[in-house]
Asks: 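Can you read through this structure? Questions will come right after.
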Number of protein chains: 2
Amino acid sequence: MDYQYIMAYDTVLEALADPTRREIFERLRDGPRPVGKLADGLPVSRPAVSQHLKVLKEAGLVTDRKDGTRRYYGVNREGLDELRAYLDEYWEDVLANFAVHLERDTAAKDKKNDD
Amino acid sequence: MDYQYIMAYDTVLEALADPTRREIFERLRDGPRPVGKLADGLPVSRPAVSQHLKVLKEAGLVTDRKDGTRRYYGVNREGLDELRAYLDEYWEDVLANFAVHLERDTAAKDKKNDD
DNA sequence: ACTAACCGTAAGTAATGGATTACCAATACA
DNA sequence: TGTATTGGTAATCCATTACTTACGGTTAGT
């Protein structure tokens, strides 16, 4: 089986790096929208929006549902999980490491003051 | 006064979209490193690393400290705050909105079953 | 069945961005 | 004071990518 959605945090980062895609993703915040509605008011053409939606979909950030001649795109609620987890983990790591070095530096400083 | 660091979530996303920059950022996870050490083993040249560090710095993700002829780069512990906050907020919004529509749909379904 | 609305894909183009090499400035050290 | 180490910047090149227009396919409605 081949997976259509990736959702790895790096793919998500690359998908959200483009301002137009961020704007589209933003417009999905409060519910699914058809492609036309999403393109409406954007400074780019509708086909461009289709292409962006494809990238967002492959990153696992959105899902689509067909309804007649329209296709509704909505956010995939698990799409951000990996990225959020990665950032949390990274942050924890940095804080922990900072604490270690602060302790070490303090110890070194204390030792220096021993003379 | 002009701010050297931006740290807006969109700038952070654009900075972390590049795989080489992610690798550099990753190498800073457990403490500051000089540029040469960071470039060591990477598939790109040292000047390339310098340029990436500039982007990371302007995004507010890293800070630098000069020590002799070396320049140590380390993670800025507040660098990820905005992005993390944005993702959390977005996620909350999506969940809340999903709940609302689920409720509404359920109500509609109930009404439909009323005949 | 014909027409209109909606959307995805293909092909081509222009712009962005990541890489390189070459160069220069600053510090350390003999 | 010369020489080596370290690293930032400039100029340039090339690959990627974000756009456009043109087209075709599918569904709805008359």
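Note that these values count all heavy atoms, side chains included, but never hydrogens, waters or copies made by symmetry. Note on naming: letters A, B, ... go to the chains in the order of the sequence lines (proteins, then strands), and numbering restarts at 1 for each one.
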Asks: Figure out the CG/P separation between A:Leu42 and C:dC7, and round it to whole Å.
Replies: 13 Å
Asks: Can you tell me the distance, in whole Å, between the CG atom of A:Asp40 and the P atom of C:dA5?
Replies: 15 Å
Asks: Provide the full list of ring-ring contact (aromatic ring centres under 6.0 Å, His included) pairs with a residue in residues 48-79 of chain B, sequence neighbours left out, each pair given once.
Replies: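 For residues 48-79 of chain B: none.
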Asks: Could you check how far CG of A:Asp64 sits from P of C:dC7, rounded to whole Å?
Replies: 11 Å
Asks: Share the residues that join A:Leu95 in a hydrophobic cluster, the rule being Ile, Leu, Val, Met, Phe, Trp or Tyr side chains under 4.5 Å apart at the heavy-atom level.
Replies: A:Trp91
Asks: Look at the side-chain N and O atoms of A:Tyr73 and state whether any lies under 4.0 Å from the OP1 or OP2 oxygen of C:dG8.
Replies: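 Answer is yes, contact under 4.0 Å.
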Asks: Whole Å only: how far is the NZ atom of B:Lys54 from the P atom of D:dA10?
Replies: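 Distance, rounded to whole Å: 7 Å.
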Asks: Mind checking what makes salt bridge (Lys or Arg N to Asp or Glu O under 4.0 Å) contact with A:Asp88, not counting sequence neighbours?
Replies: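 A:Asp88 satisfies salt bridge (Lys or Arg N to Asp or Glu O under 4.0 Å) with B:Arg84 only.
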Asks: Listed in order of residue number, which residues of residues 45-52 of chain A have a non-hydrogen atom at under 4.0 Å from DNA chain D?
Replies: A:Ser45, A:Pro47, A:Ala48, A:Gln51, A:His52
Asks: Mind checking salt bridge (Lys or Arg N to Asp or Glu O under 4.0 Å) for B:Asp93 and listing every partner two or more places apart, or none if nothing turns up?
Replies: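 Partners of B:Asp93 by the salt bridge (Lys or Arg N to Asp or Glu O under 4.0 Å) criterion, ordered by chain and then number, come out as A:Arg29.
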Asks: With heavy atoms under 4.0 Å as the rule, sort A:Tyr72 into base, sugar-phosphate or nothing.
Replies: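 No contact at all - A:Tyr72 keeps every heavy atom at 4.0 Å or more from the nucleic acid.
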Asks: Mind checking ring-ring contact (aromatic ring centres under 6.0 Å, His included) for A:Tyr9 and listing every partner two or more places apart, or none if nothing turns up?
Replies: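 Scan of A:Tyr9 (ring-ring contact (aromatic ring centres under 6.0 Å, His included), adjacent residues dropped) gives A:Tyr86.
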Asks: With sequence neighbours left out, write down each residue that passes salt bridge (Lys or Arg N to Asp or Glu O under 4.0 Å) with B:Glu78, or none if nothing qualifies.
Replies: none
Asks: So, A:Glu23 and A:Arg27, do they make that salt bridge, N to O below 4.0 Å?
Replies: yes
Asks: Where along residues 12-33 of chain A does a heavy atom fall under 4.0 Å from DNA chain C?
Replies: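 Within residues 12-33 of chain A, no residue comes under 4.0 Å of DNA chain C.
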Asks: Can you find a side chain N or O atom of A:Arg70 that sits less than 4.0 Å from OP1 or OP2 on C:dC7?
Replies: no
Asks: Can you list the residues that meet the ring-ring contact (aromatic ring centres under 6.0 Å, His included) rule with A:Phe25, with sequence neighbours excluded?
Replies: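 Applying ring-ring contact (aromatic ring centres under 6.0 Å, His included) to A:Phe25 gives B:Tyr90.
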Asks: For B:Lys37, which residues count as a side chain to side chain contact (heavy atoms under 4.5 Å, CB included) partner, sequence neighbours excluded?
Replies: B:Arg33, B:Pro34
Asks: What residues, two or more places apart in sequence or in another chain, satisfy salt bridge (Lys or Arg N to Asp or Glu O under 4.0 Å) together with A:Arg21?
Replies: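 Expected list: none.
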Asks: Indicate for each nucleotide in nucleotides 25-30 of chain D, in 5' to 3' sequence, whether protein heavy atoms under 4.0 Å reach the base (B), only the sugar-phosphate (S), or nothing (-).
Replies: -SSS--
Asks: Under a 3.5 Å distance rule, please check whether A:Arg22 uses its side chain to pair with a backbone N or O of A:Leu16 as donor and acceptor.
Replies: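 Side chain of A:Arg22 to backbone of A:Leu16, a donor-acceptor pair under 3.5 Å: yes, one is there.
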Asks: Return the value, rounded to whole Å, for the distance between atom CG of B:Leu53 and atom P of C:dA19.
Replies: 12 Å
